[in-house]
Colleague: 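The structure follows.
Chain identifiers are assigned alphabetically (A, B, ...) following the order of the sequence lines, protein sequences preceding nucleic acid strands; residue numbering begins at 1 within each chain.
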Number of protein chains: 2
Amino acid sequence: MNDKNTEKGQPAFLLAQIGAHAASLFGERLSALELTPPDAGILRLLRVAAGISQQDLSTRLQIHPSRLVAILDNLENRKLVERKQNPNDRRLYSLHLTKNGGEILERIGRVAREHQDALLAALSTDERDQLTGWLHRIADQQGLARGVHPGYQRLGRSKSQRDD
Amino acid sequence: MNDKNTEKGQPAFLLAQIGAHAASLFGERLSALELTPPDAGILRLLRVAAGISQQDLSTRLQIHPSRLVAILDNLENRKLVERKQNPNDRRLYSLHLTKNGGEILERIGRVAREHQDALLAALSTDERDQLTGWLHRIADQQGLARGVHPGYQRLGRSKSQRDD
DNA sequence: TATTGTTATACTCTATAACTATA
DNA sequence: TATAGTTATAGAGTATAACAATA
């Protein structure tokens with residue numbers, strides 16, 4: 001057996017490698033807006049799903065409810081998100097984007113486009129389009145939900161995977 | 001402005017999403033061998049760079065030296081890796097794959113191929129080849145080193161990115 | 001009795017820095 | 001004095017589980 005499988009090929013490894021690289025670069029760009037990737041995911045979801053509860057947000061983005069508290073406290077303190085009372089059920093909050101939240105979302109969009117252009121600088125426009133189509137097919141076949149980044153979870157390793 | 005940028009397009013986000021998904025799935029498959037992704041990266045590197053020191057390994061895979069100690073302790077206890085004394089400089093270890101290490105590396109290769117087939121099930125062979133070529137071009141243009149997964153680092157977020 | 005949001009606590013993981021032995 | 005490897009410690013980040021309010 002030769003080294004073909006390690007020296008070339010390897011699209012799965014490349015996808016993981018480039019994906020982690022892309023997430024890291026986007027995180028750096030976001031930090032200029034003092035935002036984290038989960039912050040951006042929440043703001044983006046609230047634009048199209050205004051009024052949802054923290055519980056709902058938690059399940060949609062796969063972020064633990066207790067973690068959401070601190071994240072939303074921060075976004076609310078910065079007047080990007082508002083917690084309104086739900087008149088139908090006073091246990092639930094109704095989460096909304098503020099005006100500032102909408103504005104920063106546009107800045108996030110600009111940052112995302114710049115990030116994307118830099119990341120895909122090696123490809124032509126046509127190639128990017130075709131790549132995008134294939135990535136969508138992979139994502140759909142793998143059952144990945146639109147707009148839900150697994151990195152939002154940040155789960156630790158299980159005990160069986162420890163090094164000691 | 002319409003929703004085009006969030007509802008379609010988005011290859012950068014898809015790359016990050018699919019990449020994290022791929023890394024997660026591969027990690028699950030590796031756990032059946034009681035290995036972590038960094039373990040696999042180390043074993044793979046030691047096949048082509050036998051005899052290197054821990055310091056060298058540390059810089060090549062971007063794993064912190066103090067973290068390497070526990071990882072290598074584990075691999076050595078399991079007889080997958082051997083620390084030999086370097087006769088030229090007794091401060092350095094000379095790291096080598098054992099026979100068992102070579103065998104498990106072949107099992108890792110099989111696992112990686114199964115993983116790759118499952119991940120890219122949506123694409124034809126020709127499409128996979130073309131995708132691979134583009135990913136290589138992106139990786140090269142972005143300056144990513146072959147076989148070095150950024151996920152090996154597992155850096156925490158900087159203080160400026162905290163949620164509190 | 002169940003559920004939402006919150007808080008306190010414990011746990012896991014990592015880097016920092018001190019330490020030893022060699023050079 | 002500098003470097004390789006090791007260890008101890010402290011820090012950051014997370015989930016778990018108990019909690020109060022409401023249904």
Colleague: Can you sort out the partners of B/E103 under side chain to side chain contact (heavy atoms under 4.5 Å, CB included), two or more places apart, ordered by chain and number?
Modeller: B/K99, B/N100
Colleague: I want to check a possible cation-pi pair here: B/R44 against A/F13, using under 6.0 Å from ring centre and within 45° of the ring axis as the test.
Modeller: yes
Colleague: Starting from P on D/dT14, measure out to NE2 on A/H64 and report it in whole angstrom.
Modeller: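 Spelled out: NE2 on A/H64 to P on D/dT14 is 12 Å.
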Colleague: Round to the nearest Å and state the distance from B/Q85 atom CD to D/dA4 atom P.
Modeller: 15 Å
Colleague: Take atom OH of B/Y152 and atom P of C/dT14, then tell me their distance rounded to the nearest Å.
Modeller: 14 Å
Colleague: For A/R90, which residues count as a salt bridge (Lys or Arg N to Asp or Glu O under 4.0 Å) partner, sequence neighbours excluded?
Modeller: none
Colleague: List in chain and number order the residues that pass salt bridge (Lys or Arg N to Asp or Glu O under 4.0 Å) with B/D129, two or more places apart in sequence or in another chain; answer none if no residue qualifies.
Modeller: none
Colleague: Any ring-ring contact (aromatic ring centres under 6.0 Å, His included) involving residues 63-111 of chain A? Give me the pairs, sequence neighbours left out, ordered by first then second residue.
Modeller: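 The answer is none; no pair qualifies.
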Colleague: Can you pull the ring-ring contact (aromatic ring centres under 6.0 Å, His included) pairs that have at least one residue in residues 101-131 of chain A, sequence neighbours excluded?
Modeller: A/F26-A/H115
Colleague: For each nucleotide in nucleotides 1-7 of chain C, reading 5' to 3', give B when a protein heavy atom comes within less than 4.0 Å of its base, S when such contact involves only the sugar-phosphate, and - otherwise.
Modeller: -BBSSBB
Colleague: How many whole angstroms separate atom CG of B/L95 from atom C1' of D/dA4?
Modeller: 11 Å
